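Lettering follows sequence order; numbering is per chain, from 1. Keep in mind that what you see is a predicted model, and the values were worked out from it rather than measured.
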Amino acid sequence: MTDVRVRIAPSPTGPLHIGTARTALFNHLYARHMGGTFILRLEDTDVARSTEAFERDILDGLHGLGLEWDEGPGVAGRDERGPYGPYRQMARLPLYAAAAERLLAADLAYRCYCTPDDLEAERKRQDAAGEPSRYPGTCAALGPAERAALEAQGRSSALRFRVTPGVVAFDDIVRGHVEIDTSALGGDFVIVRADGTPLYHFTVVVDDAEMAITHVIRGEDHLSNTPKHILLFRALGHQVPAFAHLPLILNPDRTKMSKRKSQTAVDDYVAQGFIREALVNYLALLGWSTGTEEEILALDEIVARFDLSAVNRAGAVFDRERLEWMNGQWIRRLDPDDLADRLLPFLDADRILGRIDRLPSHDEVRAIVPLVQERLPTLGAIGDVAGFLFVAQPAVDPALVVPKRWDTATTADGLEAARAAIEANGEVAFDAEGLEATLRALAEVRGWKAGDLFMAIRVAVTGRTATPPLFETLVALGFGRTLARLVRARDLVRELDAPA
RNA sequence: GCCGCAUUCGUCUAGAGGCCCAGGACACCGCCCUCUCAAGGCGGAGACCACCGGUUCGAAUCCGGUAUGCGGUACCA
């Protein structure tokens, strides 16, 4: 048993969650680092809440993060693959039934005829008496005759697993030695509902056993339930896998990260322009570090350095600001053509929202990449940073065009002078260096601070006070549009002085 | 309630007895660069290493207790 087999087992009851993505990532990292196998299994037994749309969202989302699995359901048109299928629990029902049958036959589980009302009443009683809540074992020793009598009444039965007294101990790879007395498990627990559908604690063990999972890497929220799983592995006659419980990802108030308090859908981050390289890098460093001061790491570099036993034990607050910083770092590292490709969908979204008037071509976007690449915290910021290039006419607040040290007359004068100078140079000389020389010379002869002139022009043609470098921006805008916008802004500024 | 886990700057973390009166990063502040904004460079502020006791010549690091937080405790996953 040297081949490492790990799995991620999401439930398609919601869109891909940050926490699920992180767990998937750590499993993937461990598998790749160890040269093992990474398996994806869909836990879709909660039929009421599971949907095909969520399933696709999860599969596509993981795929989009670059986390490929070796066995599991297909994605993007590919078929399910792997020798341990099926990989959807609803297709594995016979397996659970067979396992349940075995436990029942060995008397390691028994039929329980208690009704939900019985259970509820008992729970209340225990609570009132200040006792820990646990199943009292009402049906644990029912004889055949008693069972027959109950069944004759038409009572349905769930299946309960017998919890044996004792201490369950295991060595968690991230937490170390953990011991839990089985008396704290709440008594014999249900593994199959009265309606015949199996419960999570049961299916997860049957599947992990059947799929020959060697390392169970999952969230800390499962730590307390691990003894139940271990008991089941033993009862089923399977070797108990190694466990590694990852620290939880937290809301800012340090509770388990939730939709209520944080943005948890990976989709939403992607839609805002967080790129997979940054998401993966950030998530990998949430609860783990290389032990060095390296921080910007690509997936393959993380795989090479990954060490499960170095994972932290304390929960980690999800810090969106740090993610944004890291996203910016990764955007700056992108190949310009690649960046242009990735920017297009966001520009198209801006177009649909009416924030820009037309969708530029790949080449146009590629041309402005040098102007925007280091100014984008997210891909979604492209509209803010360069949207003025793709609108017929930017909204210009004339008051903003007037630099702090200037009055309206000077500003109108400056814009007109700049317009005239640029026009005089002609379209052939319309390049960044030439523009800068021309405009600096203009400021010089007129006794203006170059910065003031530049700012007036900047706001005149973009409507904004913060933009990419001015001259490159004018070039991107083009000769004709630059002149037209200067004229328009000049006139708007002049109107400022006109009597109302 | 019971059981379990955790606790180093606001946040993510380094630290596995002396290298630590605790290092890096994000955020914050300042300076430099500079046509604005970014980016980048430099610097600053920010942690009595939760608390109390112990072990030790020496503890953020080991042990015990306390506190606080979180998780689990379902015929949810």
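- Note on Asp384(A) versus Arg355(A): salt bridge recorded, some NZ/NE/NH1/NH2 to OD/OE distance being below 4.0 Å.
- A salt bridge is absent between Arg160(A) and Asp188(A); no separation between the charged side-chain nitrogens and carboxylate oxygens falls under 4.0 Å.
- A ring-centre distance under 6.0 Å is not found for His17(A) and Phe54(A).
- Residue ring and nucleobase are not stacked for His201(A) and A74(B) under a centre distance beneath 5.5 angstrom and an angle between planes beneath 30°.
- Heavy atoms of Ser133(A) sit under 4.0 angstrom from at least one base atom.
- Looking at heavy-atom distances under 4.0 Å, Thr255(A) makes contact with sugar-phosphate atoms alone, never a base.
- Counting only heavy atoms from C-beta on, Val317(A) has its side chain closest to C12(B) among A74(B), G72(B), C12(B).
- Counting non-hydrogen atoms under 4.0 angstrom, Ala194(A) reaches a base of the nucleic acid.
- Looking at heavy-atom distances under 4.0 Å, Leu119(A) makes contact with a base.
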Evaluation steps, ring-ring contact (aromatic ring centres under 6.0 Å, His included), between Phe26(A) and Trp288(A): CA-CA 10 Å; Phe26(A) 279 44; Trp288(A) 174 74; 7.2 Å; no
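- Residue whose closest nucleotide on RNA chain B sits further toward the 5' end, between Pro468(A) and Leu185(A): Pro468(A).
- For C57(B), the paired nucleotide is G18(B), the pair qualifying as Watson-Crick or G-U wobble because both relevant distances are below 3.5 Å.
- For C28(B), the paired base is G44(B) (Watson-Crick or G-U wobble, both distances below 3.5 Å).
- Gln329(A) comes within 4.0 angstrom of the backbone, heavy atoms only, and of no base.
- Residue Leu199(A) is in sugar-phosphate contact alone, with no base atom involved, counting any heavy-atom pair closer than 4.0 Å across all strands shown.
- Across all strands, Thr45(A) comes closer than 4.0 Å only to sugar-phosphate atoms, never to a base (heavy-atom distances).
- Formation of a donor-acceptor pair under 3.5 Å by the Tyr282(A) side chain with backbone atoms of Asp319(A) is found in this model.
- Contact annotation for Pro469(A): base contact, defined as any heavy-atom pair under 4.0 Å involving a base atom.
- Listed nucleotides: C37(B), C12(B), C75(B). Nearest to the side chain of Val190(A): C75(B).
- Nucleic acid contact class of Gly186(A) (heavy atoms, under 4.0 Å, all strands): none.
- Using a 4.0 Å heavy-atom cutoff across all strands shown, Glu179(A) reaches sugar-phosphate atoms only and no base atom.
- In this structure, Phe471(A) reaches the bases: a heavy-atom distance under 4.0 Å links it to at least one base atom across the strands shown.
- Using a 4.0 Å heavy-atom cutoff across all strands shown, Ala184(A) reaches sugar-phosphate atoms only and no base atom.
- For the pair Lys228(A) and Phe161(A), the NZ or CZ position fails the cation-pi test of under 6.0 Å to the six-membered ring centre and within 45 degrees of the ring normal.
- Across all strands shown, G1(B) forms a Watson-Crick or G-U wobble pair, both distances under 3.5 Å, with U73(B).
- Residue Gly287(A) is in sugar-phosphate contact alone, with no base atom involved, counting any heavy-atom pair closer than 4.0 Å across all strands shown.
- At a threshold of 4.0 angstrom between heavy atoms, the contacts of Thr465(A) include nucleobase atoms, whether or not backbone atoms are also involved.
- Look at U36(B): it lacks any Watson-Crick or wobble partner with both distances under 3.5 angstrom.
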